[in-house]
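Read the structure below first, then the notes.
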There are 2 protein chains.
Amino acid sequence: MIRDSRLSSVLHGLLHMIGAGEPVTSEQLAQAMATNPVVVRRVMAGLREQGLVRSEKGHGGGWTLARDPTDISLADIYRAVGAPTIVAMGHRSENPGCLVEQAVNDALGDTFREVEALFLKRLGGVTLEALAKDFKRRLAKHKQSLEDQIHAVK
Amino acid sequence: MIRDSRLSSVLHGLLHMIGAGEPVTSEQLAQAMATNPVVVRRVMAGLREQGLVRSEKGHGGGWTLARDPTDISLADIYRAVGAPTIVAMGHRSENPGCLVEQAVNDALGDTFREVEALFLKRLGGVTLEALAKDFKRRLAKHKQSLEDQIHAVK
DNA sequence: GTATCATGTAACTTCATATGTTACATGATA
DNA sequence: TATCATGTAACATATGAAGTTACATGATAC
């Protein structure tokens, strides 16, 4: 199963980056991602290797998107975050000679690939831009709702 | 991701049960599953609850299939083994109010379900019987190959 | 009926992995 | 050259899966 909190966490960070017009420090991202700066660097390093973000040292340094959000899909991010294969059955000892494994693999190997392909295809259909837009919409709605509550109290 | 060694492990046990004409003890299954008896009972308990196997105490006791292998699919087993949902993204704190989570969920919620459905559908298409047959075929082939090697040496 | 065998299960330990933390090196800007 | 920010190694902590021990319960053989 996937219970990767990293993808979710990274998305928080990236949306934060889109909002800011300047480099965002690991310290700031750590706030947005509810973790600490070193973990941020660790995770973002993966995205940097995939060319999704850039990092810069020194004064005014920090993290910025390396590509247009319309050109980054959730699949890209998922992979960069260190995407493990979704389905991977296997005995602990990864025994390639095991006949049971072989039989299962023969029966389901294609399925594993198929499921994974579907998953990535869907992730590939959502851009960071689209997600950001939806997020902003929700944010606006949320604010409005809060204001309404305040007015109702008055 | 799924890296469930339990499913694989359980299949070893079940194939073993099919072969034996009598109840198989946890001790014996532990051998087949490369683990220990208590773990076997723990895992098999899940299968028993789903009506896939039966257990009996005392002399001559042990584990037996409760249904015909043609009537047990890998999906049944997968579920019984304590199938976690395949894909489940989420922040650690499972924050339902988080707007980022909401946006992601709105964009991918259906996808998660779709992927899971596909996976289970495929698992559902393979019966324990089919797997056992394939396994036996491989076993025979394997034996033959070993004999050939011996003859070649002579 | 009682000795033996097998499961049922709670409690604990071990192990693997992900995450968090500290410390310090490196590079960039003021 | 002082300060700020990343890079990264090394270590600490937390979580959950798997393994283990111990003992209770139920079933069969004698």
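The chains referred to below are lettered A, B, ... by the order of the sequence lines, with proteins before strands, and numbering in each begins at 1.
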Suppose we screen for side-chain hydrogen bond (donor to acceptor under 3.5 Å, both in side chains). Which residues come up paired with [X], at least two apart in sequence or across chains?
| X | answer |
| --- | --- |
| B:T70 | B:D68 |
| B:Q31 | none |
| B:S73 | B:D76 |
| A:Q144 | A:D148 |

Problem set entry | Working for side chain to side chain contact (heavy atoms under 4.5 Å, CB included), residues B:L128 and B:R67 | CA-CA 10 Å; B:L128 186 56; B:R67 286 203 238 152; over 6 Å; no

Quick one: is [X] getting a side-chain N or O under 4.0 Å of the [N] phosphate, OP1 or OP2?
| X | N | answer |
| --- | --- | --- |
| A:T35 | C:dG20 | yes |
| A:N36 | C:dT21 | yes |
| B:T25 | C:dA6 | no |

Problem set entry | salt bridge (Lys or Arg N to Asp or Glu O under 4.0 Å) partners of A:R138, counting only residues at least two apart | A:D134, B:D106

For this session: Just jot down the side chain to side chain contact (heavy atoms under 4.5 Å, CB included) partners of B:V39, sequence neighbours excluded, or say none.
Result: B:T35, B:N36, B:R42, B:V43

For residues 17-29 of chain A, please give each side-chain donor-acceptor pair under 3.5 Å, one per line with the distance, not counting sequence neighbours.
residue : atom : partner : partner atom : Å
A:T25   : OG1  : A:E27   : N            : 3.4
A:T25   : OG1  : A:Q28   : N            : 3.1
A:T25   : OG1  : A:Q28   : OE1          : 3.3
A:S26   : OG   : A:R41   : NE           : 3.4
A:S26   : OG   : A:W63   : NE1          : 2.9
A:Q28   : OE1  : A:T25   : N            : 2.8

Exercise. For residues 53-69 of chain A, which residues have at least one heavy atom under 4.0 Å from DNA chain C?
Worked result: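 A:K57, A:G58, A:H59 - these, ordered by number, are the residues of the stretch whose heavy atoms sit under 4.0 Å from the strand.
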
Please list, for nucleotides 15-17 of chain C, all pairs of protein and nucleotide N/O atoms separated by less than 3.5 Å.
none

Problem set entry | CG-CG distance between B:L139 and B:L15, expressed to the nearest 0.5 angstrom | 10.5 Å

Problem set entry | Residue B:V39, side-chain heavy atoms: nucleotide from C:dT19, C:dT21, D:dT20 that is nearest | D:dT20

Pairs under 3.5 angstrom only: tabulate donor-acceptor contacts from the side chains of residues 47-59 of chain B to other protein residues two or more places apart or in another chain.
residue : atom : partner : partner atom : Å
B:R48   : NH1  : B:S55   : OG           : 3.0

Seminar exercise, completed: DNA chain C in dot-bracket form (Watson-Crick or G-U pairs under 3.5 Å, [ ] crossing, | inter-strand) is ||||||||||||||||||||||||||||||

For this session: Residues of residues 40-51 of chain B with any non-hydrogen atom less than 4.0 angstrom from an atom of DNA chain D: list those, numerically ordered, please.
Result: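 Those residues are B:R42.
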
For this session: Could you give me the CA-CA distance, side-chain angles and deciding distance for B:Q102 and A:H142, then say whether side chain to side chain contact (heavy atoms under 4.5 Å, CB included) is met?
Result: CA-CA 12 Å; B:Q102 283 181 19; A:H142 182 62; over 6 Å; no

